Amino acid sequence: MMSQTDSILNLLNIQDPNIKISACTDFSQAGVHEKLLSATLTYPVERCVNCGSTNLVQNGTRLTKMRLPSLGEQPLRMNLRKQRYLCRTCHHTFSAQTQLAPPRHSITRQAVHEIATLAKNSLPVKTISQTVGISASSVQRILYKDQRALVTPKELPTALSFDEFRSTKNCFSFICIDAKTHDLVTLLPDRLSQTIREYFTNTYTLSERQKVQLVTMDLNAQYQTFVRRLFPNALIVFDRFHIVQLAGRVLDHERLRVLKGINDHHDRNYKVLKSNWRLFHLAENQLETSQVKYYRGLNEYTTAQNVVDLGLKNFPQFAENYQTYQTILTFIRNRDRATLQQLVMNYRPNGTEMDTVMRTIQKNYLGIRNACLYDYSNGPLEGINRKIKELKRSCYGFSNLRHFFIRIKLIHA
């Protein structure tokens with residue numbers, strides 16, 4: 001039958017059988033109520049750790065105040081009395097050791113593990129300190145001491161993803177991940193082309209960089225200027241979401257321009273374009289043609305297809321941009337290179353912002369065509385950027401870039 005001491009050790013997940021609990025009391029300090037465990041650590045020692053002599057005697061105990069993970073919301077401490085030993089041959093003294101904490105440390109490995117776990121959940125240092133029952137300075141020391149902020153894998157992956165994120169002091173930092181495994185490749189303090197070029201050229205040889213076969217990115221012209229020089233054999237693949245997003249923004253701008261030209265806000269056309277704008281971003285095959293639904297802005301029962309037709313009927317320029325947007329949406333979703341080629345060859349400028357979108361597509365035709373050929377995208381990297389934003393928001397920002405990068409590595413671990 002399990003004893004009371006063994007039950008307490010099992011509850012606290014303490015595996016050392018040489019620790020014996022003698023008492024558990026309530027303790028208050030500076031208005032903080034804690035649970036205080038009194039325990040001893042002793043075991044038979046046959047030889048001196050210094051000279052190997054067997055002429056040993058017990059020489060009292062040494063008190064160590066151990067910090068355990070909180071039990072619920074109540075901090076938990078242990079006054080552990082470690083047995084001391086004296087070697088009568090070399091007169092060397094030493095204490096009993098336990099795996100509960102490293103030598104000459106009072107914070108247990110369990111508490112360190114819980115701090116790292118909470119940090120992975122994007123919690124700020126102050127919240128971690130209150131949860132674990134350890135001071136904020138100790139939490140910072142555990143998280144940031146002897147930790148490297150930069151990531152440098154030994155070998156470059158064959159597929160990379162590039163992007164940037166807002167870091168400290170409203171500056172943008174560069175992030176690169178493995179497009180296949182989504183592991184971090186590097187974090188750089190800024191997104192300047194010179195910084196990125198120097199990092200890859202100084203860290204990896206030309207033969208290593210020649211093994212990179214593919215690089216995914218958004219429609220950032222800055223990256224294109226050095227990717228071909230750094231990775232001569234790599235194909236550029238533009239992210240499909242950013243292509244659709246670019247065309248969708250232009251479609252919205254044209255819709256707002258049409259809205260501003262309608263003076264009667266009770267007009268049906270105005271209501272359709274004002275309240276049901278989401279329907280214009282759906283693919284044509286997703287529009288309901290038979291099921292009748294009540295549309296609140298229009299105050300009518302009709303189908304989604306009728307709503308879109310009403311918004312396009314009297315505005316031919318907006319209708320042209322809508323058809324171009326639908327064509328872009330079609331070749332992106334279906335990975336249809338033939339539709340992309342027909343769009344580039346047959347498009348006629350109409351004097352709107354969609355002309356800029358088409359010039360961008362024509363300029364980056366090969367990268368967009370590669371987006372139809374390969375399954376890689378910047379989606380995983382955008383997910384990491386969302387976690388980075390959540391980390392900044394929960395921690396109320398970072399002033400130390402090194403601490404920020406270490407926390408990014410933790411949440412991505």
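By convention here, the first residue in the shown sequence is residue 1. Since the model is a prediction, treat every value here as computed from it, not as a measurement.
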Note: Glu300-Lys271 ion pair, threshold 4.0 Å (strictly below): no
Shortest non-hydrogen contact between Arg47 and Gly52, atoms and distance: NH1-O, 2.9 Å
Donor-acceptor pair, side chain of Thr201 and main chain of Glu198, under 3.5 angstrom: yes
Nearest non-hydrogen partners of Ile175 and Glu164, listed with the distance: CG2-N, 4.3 Å
Residues Arg257, Glu254; criterion salt bridge (charged side-chain N to carboxylate O under 4.0 Å, His left out); working and verdict: CA-CA 5 Å; Arg257 187 191 66 79; Glu254 181 64 20; 2.5 Å; yes
Pair Glu288, Ser290: side-chain N/O donor-acceptor within cut-off below 3.5 Å: yes
Where Arg209 and Leu156 come nearest, the two heavy atoms and their spacing: CG-CD1, 3.9 Å
Tyr85 and Tyr43 aromatic ring geometry - parallel, tilted or perpendicular at 30°/60° bounds: tilted
ring-ring contact (aromatic ring centres under 6.0 Å, His included) between Phe165 and Phe172, intermediate numbers included: CA-CA 5 Å; Phe165 61 94; Phe172 281 89; 8.6 Å; no
For Tyr270 against Asp264, the heavy-atom pair lying closest together: CB-O, 3.8 Å
Which atom of Arg191 lies closest to which atom of Tyr223, heavy atoms considered: CB-OH, 4.5 Å
Ring centre gap for Phe318 and Phe280 strictly below 6.0 Å: yes
Salt-bridge contact Arg386-Glu382 (side-chain N to carboxylate O under 4.0 Å): no
Pair Phe200-Phe231, ring-ring contact (aromatic ring centres under 6.0 Å, His included): steps then yes or no: CA-CA 10 Å; Phe200 282 106; Phe231 313 107; 5.3 Å; yes
Ring center gap for Tyr144 and His403 short of 6.0 angstrom: yes
Over all atoms of both residues, closest heavy-atom pair of Ala119 and Arg407: O-NH2, 3.4 Å
Geometric class of the His281/Trp277 ring pair [parallel <30°, tilted 30-60°, perpendicular >60°]: perpendicular
